[in-house]
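Since the structure comes first, as structure tokens, the remarks are kept for the end.
Since we're looking at a predicted model, the values are computed, not measured.
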Amino acid sequence: METALILVLRRASTSDGHVLYRWRTDPATRASSHQSGPIELATHLAWLDAALSNPRREIYIAEADGVPVGTVRVDREADACEVSWTVA
């Protein structure tokens, strides 16, 4: 009998900065990002602060059994949304 995996999405906070940084700087993530260059931790944390205060952007952390396993970001435009995701 298979056990169901329950994923929970919760809003990201500044306390997620280091796990998001680890995922964001992963070589596979960098290769498929709009900007593939290196990112410093301080730059990432400043980006996260700005992103979390942007009313047109939502960032969620996906958790399985309380363990972060990915992220979803939604950027709202005038008539559409851009969705980005990372699976850890």
Is the backbone N or O of A28 less than 3.5 Å from a side-chain atom of D26, with the two atoms forming a donor-acceptor pair by type?
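Between the backbone of A28 and the side chain of D26 there is a qualifying donor-acceptor contact (under 3.5 Å).
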Could you check whether any side-chain N or O of D16 sits under 3.5 Å from a backbone N or O of S13, counting only pairs where one atom can act as donor and the other as acceptor?
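Yes: the side chain of D16 pairs with the backbone of S13.
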Are [X] and [Y] linked, directly or through other ILVMFWY residues, by side chains that come within less than 4.5 angstrom of each other?
{"X": "V67", "Y": "L9", "answer": "no"}
{"X": "I61", "Y": "V69", "answer": "no"}
{"X": "W47", "Y": "V19", "answer": "yes"}

Look up atom [atom1] in [X] and atom [atom2] in [Y], then write down how far apart they are to the nearest 0.5 Å.
{"X": "I59", "Y": "R10", "atom1": "CD1", "atom2": "CZ", "answer": "11.5 Å"}
{"X": "R30", "Y": "S32", "atom1": "CZ", "atom2": "OG", "answer": "8.5 Å"}
{"X": "I6", "Y": "E63", "atom1": "CD1", "atom2": "CD", "answer": "13.0 Å"}
{"X": "R24", "Y": "T43", "atom1": "CZ", "atom2": "OG1", "answer": "9.0 Å"}

Can you see which heavy atom on [X] is nearest to which on [Y], and at what distance?
{"X": "I39", "Y": "Y21", "result": "O-OH, 2.9 Å"}
{"X": "D75", "Y": "R73", "result": "OD2-NE, 3.0 Å"}
{"X": "W23", "Y": "A88", "result": "NE1-CB, 3.2 Å"}

Atom CG of L7 with >12 non-hydrogen neighbours under 6.0 angstrom
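Yes, CG of L7 has more than 12 neighbouring heavy atoms, counting only those of other groups under 6.0 Å.
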L52 side chain near L48 side chain, heavy-atom distance below 4.5 Å
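Sidechains of L48 and L52: in contact.
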Report yes if the side chains of R11 and Y60 come closer than 4.5 Å at any heavy-atom pair, otherwise no.
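They are in side-chain contact.
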